[in-house]
There are 2 protein chains.
Amino acid sequence: MDAKYPVRTTEKTLALIEQLMEGGPCGVTELASDIDMGKSAVHNHLTTLQKHGYVQQIDDEYQLSLKFLEVGGRIRKSMELYQVAEPEVKSLAAETGELANILIEEQGMGVYLMRAKGADAVDLDTYAGLRTRLHTTALGKAILAYLPESRVTEILDQHGLQQKTPKSISTREELFQALDAVRERGYAIDDGERLEGLRCLGAPVRTSSGEVLGAISVSAPASRVSDQDLHGDLPEKVLSAANVIELNINY
Amino acid sequence: MDAKYPVRTTEKTLALIEQLMEGGPCGVTELASDIDMGKSAVHNHLTTLQKHGYVQQIDDEYQLSLKFLEVGGRIRKSMELYQVAEPEVKSLAAETGELANILIEEQGMGVYLMRAKGADAVDLDTYAGLRTRLHTTALGKAILAYLPESRVTEILDQHGLQQKTPKSISTREELFQALDAVRERGYAIDDGERLEGLRCLGAPVRTSSGEVLGAISVSAPASRVSDQDLHGDLPEKVLSAANVIELNINY
DNA sequence: AATAAACGTTCTGTTCTATAGAACAATATA
DNA sequence: TATATTGTTCTATAGAACAGAACGTTTATT
């Protein structure tokens with residue numbers, strides 16, 4: 001995590017990539033001033049990245065290429081959970097007509113592996129690869145509830161409890177109570193904690209030995225999800241999908 | 001393309017990433033011998049990449065993280081063609097029940113932006129980010145047909161005409177004839193050229209000024225696509241979807 | 001049309017640093 | 001218990017990254 005002997009040149013390349021990602025296509029001079037490097041050095045880095053396909057030049061501007069999507073796509077494709085869960089999450093979206101997601105934990109953050117839109121799905125700005133704090137979503141809470149407590153506190157120490165909406169969980173006590181509730185029910189609920197008016201229901205996906213691999217969820221506008229749905233029909237569907245995934249993973 | 005003053009350290013980092021992508025999770029020693037570097041140097045690179053979230057350590061092995069998916073996802077999301085075409089390609093898949101795709105050209109290669117599976121869709125090993133030779137697919141031919149001829153020959157010089165199946169296009173003459181046919185019809189056909197028994201129909205997406213932005217397609221097993229479909233019903237649906245995309249892009 | 005400003009790119013000497021190799025601790029193997 | 005193999009720490013030196021100056025081109029200004 002700390003890198004005792006960091007490779008400074010690599011860090012500069014990464015800073016450049018980050019800047020191109022945040023700021024979009026850019027010329028050499030502007031980029032150089034943005035990350036505080038000389039023009040020639042930036043030029044050398046850019047042409048090197050271009051040579052290997054990570055950057056391309058369009059209309060006198062440099063920009064990141066879809067090589068990153070290729071690398072990311074291959075990594076995702078190689079993940080067993082993704083292979084198994086993908087068709088199930090799509091069915092779940094089709095069946096409910098809403099938005100269905102898979103999330104995994106990586107470096108203490110939640111990463112969306114994919115989303116599938118049913119016929120009436122809301123259009124959230126989630127996308128494959130998006131990172132989110134675990135405590136802010138039903139998906140994340142479903143994962144946290146089944147991680148070792150030591151790991152949970154480690155994650156809290158690292159990332160804190162940033163609030164998204166007034167309803168968000170803001171203290172550790174509150175979170176641990178919520179996680180207890182998740183373990184009791186077997187699924188997690190987010191009632192407007194991440195986004196006002198949005199209700200989510202997430203269920204963990206675990207191995208036979210109890211290790212948590214990720215979570216799946218359905219998100220829908222509160223107007224379409226009654227309190228009754230939230231504790232009856234919907235959890236049944238999500239838990240059933242999670243169960244099918246677990247069975248297929250454990251052979 | 002050539003990088004007159006390449007940053008060698010960055011190239012080593014990229015070689016390491018490439019090796020981790022091809023070979024999967026790996027220890028320091030093995031990785032060092034794979035790419036012919038000292039153990040300590042590899043260790044420094046890995047911890048640097050880890051510090052910035054591109055690599056993670058699991059069970060005494062280093063592996064690439066989904067950070068790449070995040071970067072790739074953000075790049076894709078920022079592309080206007082993707083934003084506009086995504087819902088249309090999904091409808092196309094739903095409507096036909098088959099597999100629908102978007103492809104764009106990047107650095108002379110075709111890159112899949114997304115795929116959408118209809119109810120009966122075949123399960124090809126394509127995925128978002130996958131790169132393919134342009135002359136081997138209906139999607140690629142739809143793009144090549146509307147690129148300037150100078151650019152087409154440039155691409156051929158760079159990437160050649162590798163054959164995938166006995167039916168593949170193997171000479172420049174053959175390709176240019178095929179591209180003429182595409183321009184005449186307005187859509188491209190792949191009848192088993194990429195994969196035996198698979199038929200694809202691709203249509204270009206162009207701006208009002210005639211520039212090609214990419215192509216969309218439907219792929220289906222030959223058993224479900226009659227010769228009649230291939231020149232009647234199917235092109236109509238694909239062309240109509242392409243047209244909707246074009247209208248939405250040009251405002 | 002002439003001039004100036006700004007750009008991307010080339011090039012080199014100096015400064016900084018990436019790296020091999022040796023040594024260490026920790027774990028696995030015999 | 002001894003031996004091999006791993007990941008990691010550390011440092012001197014070989015080597016490379018980079019600032020800055022200069023170049024040719026393009027764009028903006030007067």
Side-chain angles (χ1 to χ4, degrees), chain A residues 1-65 106-107 150-151 154, chain B residues 1-65 106-107 150-151 154:
Chain A
M1 200 34 99
D2 43 323
K4 244 192 159 172
Y5 300 96
V7 183
R8 290 184 218 286
T9 308
T10 297
E11 292 196 301
K12 284 176 189 166
T13 296
L14 296 180
L16 207 147
I17 289 170
E18 209 86 7
Q19 179 59 38
L20 277 175
M21 180 172 75
E22 303 290 346
C26 192
V28 175
T29 307
E30 195 185 332
L31 209 46
S33 80
D34 283 345
I35 61 170
D36 203 46
M37 281 175 68
K39 275 201 298 181
S40 64
V42 169
H43 186 256
N44 291 343
H45 279 262
L46 286 172
T47 51
T48 304
L49 285 169
Q50 183 177 36
K51 175 183 169 189
H52 293 270
Y54 292 85
V55 156
Q56 62 184 147
Q57 217 178 343
I58 290 183
D59 301 332
D60 285 330
E61 288 199 311
Y62 286 92
Q63 58 179 262
L64 298 181
S65 82
E106 202 177 82
Q107 294 149 346
S150 60
R151 177 79 183 121
E154 200 177 271
Chain B
M1 203 27 104
D2 42 323
K4 237 183 167 182
Y5 300 94
V7 183
R8 292 189 217 286
T9 308
T10 298
E11 292 198 300
K12 284 175 189 166
T13 296
L14 296 180
L16 209 147
I17 289 169
E18 207 87 7
Q19 178 60 38
L20 277 175
M21 180 172 74
E22 303 289 345
C26 192
V28 176
T29 308
E30 194 186 332
L31 208 47
S33 79
D34 282 346
I35 61 171
D36 204 45
M37 281 175 68
K39 274 202 298 181
S40 65
V42 168
H43 186 257
N44 291 343
H45 279 263
L46 285 172
T47 51
T48 305
L49 286 169
Q50 183 178 35
K51 175 183 169 189
H52 294 271
Y54 291 87
V55 156
Q56 61 184 149
Q57 217 177 344
I58 290 183
D59 301 334
D60 285 331
E61 289 199 309
Y62 286 94
Q63 60 180 258
L64 298 180
S65 83
E106 202 177 82
Q107 293 149 346
S150 60
R151 177 79 184 119
E154 200 176 271

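Each chain gets a letter, A, B and so on, in the order its sequence line appears, and its residues count up from 1. Being a predicted model, the structure only gives us computed values, none of them experimental. These values consider heavy atoms only, across backbone and side chains, with no hydrogens, waters or symmetry-generated copies.
- A:Leu49 contributes atom CG, which lies 6.0 Å from atom CG of B:Leu14 (distance to the nearest 0.5 angstrom).
- No donor-acceptor distance shorter than 3.5 angstrom exists from the side chain of B:Ser65 to the backbone of B:Gln56, with no hydrogens or angles considered.
- At least one side-chain heavy atom of A:Leu20 sits under 4.5 Å from a side-chain heavy atom of A:Leu46.
- When the side-chain nitrogen and oxygen atoms of A:Lys4 are compared with OP1 and OP2 of D:dC10, one or more of them lie within a distance under 4.0 Å.
- Proximity of A:Thr29 to the phosphate of C:dG8: a side-chain N or O atom is located under 4.0 Å from OP1 or OP2.
- Atom CG of B:Asp2 and atom C1' of C:dT10 are 12 Å apart (whole Å).
- Following rounding to the nearest Å, B:Asp60 (CG) and D:dT8 (C1') show an atom-to-atom distance of 12 Å.
- OP1 and OP2 of C:dC7 both lie 4.0 Å or more from every side-chain N or O belonging to A:Tyr62.
- When the P atom of D:dT5 is taken as reference, atom CD of B:Glu30 falls 14 Å away, rounded to whole Å.
- Going from atom CD of B:Gln50 over to atom C1' of D:dG7 covers 12 Å, rounded to whole Å.
- Taking the side chain as every heavy atom from C-beta outward, A:Glu18 and B:His52 never approach each other to under 4.5 Å.
- Taking only distance into account, the side chain of B:Lys39 never meets the base of C:dG21 through a donor-acceptor pair shorter than 3.5 Å.
- In this model, the phosphate group of C:dT9 is approached by a side-chain N or O of A:Gln57 to a distance below 4.0 Å at OP1 or OP2.
- Rounded to whole Å, the distance from CG on B:Leu16 to P on C:dT19 is 10 Å.
- OP1 or OP2 of C:dG8 has not a single side-chain nitrogen or oxygen of A:His43 nearer than 4.0 Å.
- With rounding to whole Å, A:Glu11 atom CD is found 17 Å from C:dC16 atom P.
- The side chain of A:Thr9 places an N or O atom within less than 4.0 Å of a non-bridging phosphate oxygen (OP1 or OP2) of C:dA18.
- Map B:Asn44 and A:Gly38 each onto its nearest nucleotide of DNA chain D; the residue landing nearer the 5' end is B:Asn44.
- What separates CE of A:Met37 from C1' of C:dT15 is a distance of 15 Å, to the nearest Å.
- Atom CG in B:Leu46 sits about 10 Å away from atom P in D:dG7, given to the nearest Å.
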Test salt bridge (charged side-chain N to carboxylate O under 4.0 Å, His left out) on A:Arg8 and A:Glu11; report intermediate values, then the result.
CA-CA 5 Å; A:Arg8 290 184 218 286; A:Glu11 292 196 301; 5.3 Å; no

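- Closest approach to the B:Ser40 side chain among D:dT9, C:dA23, D:dA19 is made by D:dT9 (side chain taken as heavy atoms from C-beta onward).
- Out of D:dA16, C:dT19, D:dT6, the shortest distance to the side chain of B:Arg8 is found at D:dA16.
- Of the candidate nucleotides C:dA23, D:dA19, C:dT10, C:dT10 has the atom nearest to the side chain of B:Tyr5.
- A close approach under 4.0 Å does occur between a side-chain nitrogen or oxygen of B:Lys12 and OP1 or OP2 of C:dT19.
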